[in-house]
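First the structure, in the form of structure tokens, and then the observations on it.
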Amino acid sequence: MKKVLYYSLSMLALASCTNDDFQLEDKRHDNSGNGFRFEISAAGDPSRAVTDDNFKTTFTDGDAVGVYVVARNNGAEATLAPSGNYADNNKLTLTDGVWVIDHEIPFAAEGTQLDFYAYYPYSESVDPTAIAYNATESMYDLMMAKTTGIEAGDETVFLNFSHQLTLIDARLTAGAGTAITISGLYPAATLNLGAAGSDNVMTITGDKPADIAMTRVERKHFRAYIPAQPTDKGQLSIQASGRTQEYTPVNKDFITGTAYSYNIASSLINLGDLPNCYIVKPGEQVTFPVLKAYEVWRQLKWINNGNLRKDGPVGAELIWQDTQSLIVADGIKVNVDENADDQSTVTVSTTPGVSGNALVAVTMGGDKTWVYHIWVTDFDPDKNTREVDNNGDGVADYVFMDRNLGAMTDDATNPLSIGLYYQGCRNEPFPSTKQSPADDVNVSSITLYDINNNEIHIQTGDIWGPDQGQSTRRVLTSPSLFITSYSEPYSWLTNDGNASYIYGPNFWYEESTGEKGVFDPSPAGWMVPIDRNNKSPWQSVADNGDAVADFLKIYPAGGRIKFNGKFGNTTDVMLWTGTMYGLKQMAFQCSGSWNQVSNYSNGNALNVRCVKIQ
């Protein structure tokens, strides 16, 4: 069952936080009738209330509480019953900043005292003496309030809510984790609203613990609400890429109304966090780990059954550079870890005053296994960024780089702004012509250079067959090979037009989490843009013809390298998104008079404009 968690937050800094630390903004019930007015405050974050970084909670419009009232005549004791009370489950809703009740609760008669009981969030069908909660079925912060002794002269009822559950908050400060499961704890309980304010509210139900999947708040940040209980057997299990890491909470108990925040340094590896592109200034050097070249083969078992490509020592070599002497003959050094080859690093040194792009491969026993794009430029991607709102709600959905991936300038009139080309879902780039491309020019005609400045060229070769693992092994070990295919919709990955990605992940992004994927070609902190709000990153341009002229001042016309290895549509701007469509990839195409959001076979190579990971 889908879990629902009602809150909004960002960062946490507390180790634990008790009720006394919570604050809640007061909201008044403004009613001109004969019923009671209400002032509501609380110590927490219930249904659709907003909880900030410091666990301060405020109600928001649409929040609703259920109110029960019990009458006591002449001070006699009265007990909340499942039904038949002075008032049963009246709904109090915050609307335009005012608490509005669905049925007025009349004032007490002379000599009668009223006890008010309230819970949050509201439910149409509930037994107030046994409110059921189960964190494996739905997750929310249950709160209660009790105010007694309201008499005839009282017109305002003050309801102060308090947390009845325990909040567990986990943030990963290092490493990876796409999910966290709590094990060893009881997820279910019943709570008696009539006992609010006492130690007898909660009764744990169920005869054995069960796994509780924490809700993902944002990347590497998870939350769960559970019944209070001892934690002698409680464990957090962090999962990433099919691997698990156990974490044991330091506290001995989970106490009612307390928030426990854990900052966990995960030892797990998220392959998407290891970038495929490194930016380095001319004349400087960059050092990067070779670990990804090993872990891709180990973790993505559909490529080679979890086996490395080949036994043998780690190495590195230049595949190509688009500018002579960008990297000279002694400019690539492997820093071998004598204990484990996969812990080695590669240092690439660049030539002062020379900018351009290079492709460096890590090798195992001489076979290429993964490549890294070295983008040699003075460009700082964090400067001159541009925000884009793709659905017109006034909120920025993307923060874009000011140039294409691999470009040497942001001047869209300069061919050096076109940048590199990427077959859909591949991490290996292909070069531009360094001049305005022309239709039907073959990518194999572009001049590149080896480590000794000898001329070399991209090779082209037809797709082999339907086996996706075989195709992926081929491009990983032959990174300068442009895979040609018969026509649309065939991809470099398979010649089966009806196939799906049966073996692989979502290459450029993980569909289940929206996170950067293993094959995303972007530098650290950036990714290929994906659809948001069910719209393309460039939907605002597609919807607004007046925006095209300005768009063409920002984006250069690079067209595409078609599935046959030849340039086409070279007067158009053509840009990938990371959102897949079967064996195709979503893209945006724009000319001076028209534009469209469409999908193209992954056999095509288009330009990429990265967005900041948020």
With a 3.5 Å distance limit and no angle check, can you tell me whether Q459 reaches the backbone of H457 through a side-chain donor-acceptor pair? yes
Neighbour count above 12 (heavy atom, 6.0 Å) for N452 CG: yes
To the nearest 0.5 Å, what is the distance between CG on L575 and CD on Q589? 10.0 Å
So CD1 of I458 and OH of Y421: to nearest 0.5 Å the spacing works out to 13.5 Å
N453 and Q324 side chains, donor-acceptor separation under 3.5 Å: no
side-chain hydrogen bond (donor to acceptor under 3.5 Å, both in side chains) between N270 and K516, intermediate numbers included: CA-CA 10 Å; N270 181 8; K516 183 176 180 177; over 6 Å; no
Side-chain (N607) to main-chain (L420) donor-acceptor, under 3.5 angstrom: yes
I'd like to check I374 versus L326 (side-chain heavy atoms, cut-off strictly below 4.5 Å). Are they in contact? no
Quick check: do K368 and E317 have side-chain heavy atoms less than 4.5 Å from each other? yes
Can a donor-acceptor pair be found, under 3.5 Å and without considering hydrogens, that links the side chain of T350 to the backbone of G283? yes
Under a 3.5 Å threshold, yes or no: a donor from one side chain and an acceptor from the other, between D520 and S522? yes
Does Y581 OH have over 12 foreign heavy atoms under 6.0 Å away? no
With side chains defined as the heavy atoms from C-beta onward, is the minimum distance between D273 and K220 less than 4.5 Å? yes
Between the side chains of S598 and K584, does any donor sit under 3.5 Å from an acceptor? no
Exam field: side chain T570 to backbone A438, donor-acceptor pair closer than 3.5 Å: no
Whether R560 side chain and F567 backbone form a donor-acceptor pair below 3.5 Å: no
Backbone N/O of A358 and side chain of D322: donor-acceptor pair under 3.5 Å: no
Should we say atom NZ of K434 is surrounded by more than 12 heavy atoms from elsewhere, each under 6.0 Å from it? yes
Min side-chain heavy-atom separation V441-P437 under 4.5 Å: no
Would you call the rings of W375 and H373 parallel, tilted or perpendicular, taking 30° and 60° as the class edges? parallel
Side chains of S536 and D531, donor plus acceptor under 3.5 Å: no
Is P521 close to C277 at the side-chain level, that is, under 4.5 Å between some pair of heavy atoms? no
Side chains of D411 and S417: do they bring a donor and an acceptor to under 3.5 Å? no
Is it true that atom CD of E511 has more than 12 heavy atoms of other residues, nucleotides or ligands lying nearer than 6.0 Å? no
Checking salt bridge (Lys or Arg N to Asp or Glu O under 4.0 Å) against D367, which of R309, R473, R474 comes through? R309
For the pair F519 and F507, name the ring-plane relationship: parallel under 30°, tilted 30 to 60°, perpendicular over 60°. tilted
So do the side chains of P275 and P523 get within less than 4.5 Å of each other, counting heavy atoms only? no
Tell me whether E284 at atom CD has more than 12 heavy atoms from other residues, nucleotides or ligands lying less than 6.0 Å away. yes
In terms of relative ring orientation, are F430 and F482 parallel, tilted or perpendicular, with 30° and 60° separating the classes? perpendicular
Would Q245 and S266 count as having a side-chain donor-acceptor pair, cut-off 3.5 Å? yes
Measure from the side-chain N and O atoms of S344 to the backbone N and O of D341, and report whether any donor-acceptor pair falls under 3.5 Å. yes
Looking only at the side chains, is there a donor atom on one of Y422 and W508 sitting less than 3.5 Å from an acceptor on the other? no
Is any side-chain heavy atom of I530 less than 4.5 Å from a side-chain heavy atom of T577? no
Taking the side chain as C-beta and beyond, is there a heavy-atom pair between S485 and N495 under 4.5 Å? no
For the pair Y278 and Y372, name the ring-plane relationship: parallel under 30°, tilted 30 to 60°, perpendicular over 60°. tilted
Can T347 and N335 be counted as having a side-chain donor-acceptor contact under 3.5 angstrom? yes
Between I327 and Q321, which heavy-atom pair has the shortest distance, and what is it? N-OE1, 2.8 Å
Judged by modelled atom types alone, do N533 and D397 share a side-chain donor-acceptor pair under 3.5 Å? yes
Inspect the surroundings of CG in D311 and state if more than 12 heavy atoms from other residues, nucleotides or ligands are less than 6.0 Å away. no
Between F588 and Y555, is the gap from one ring center to the other below 6.0 Å? no
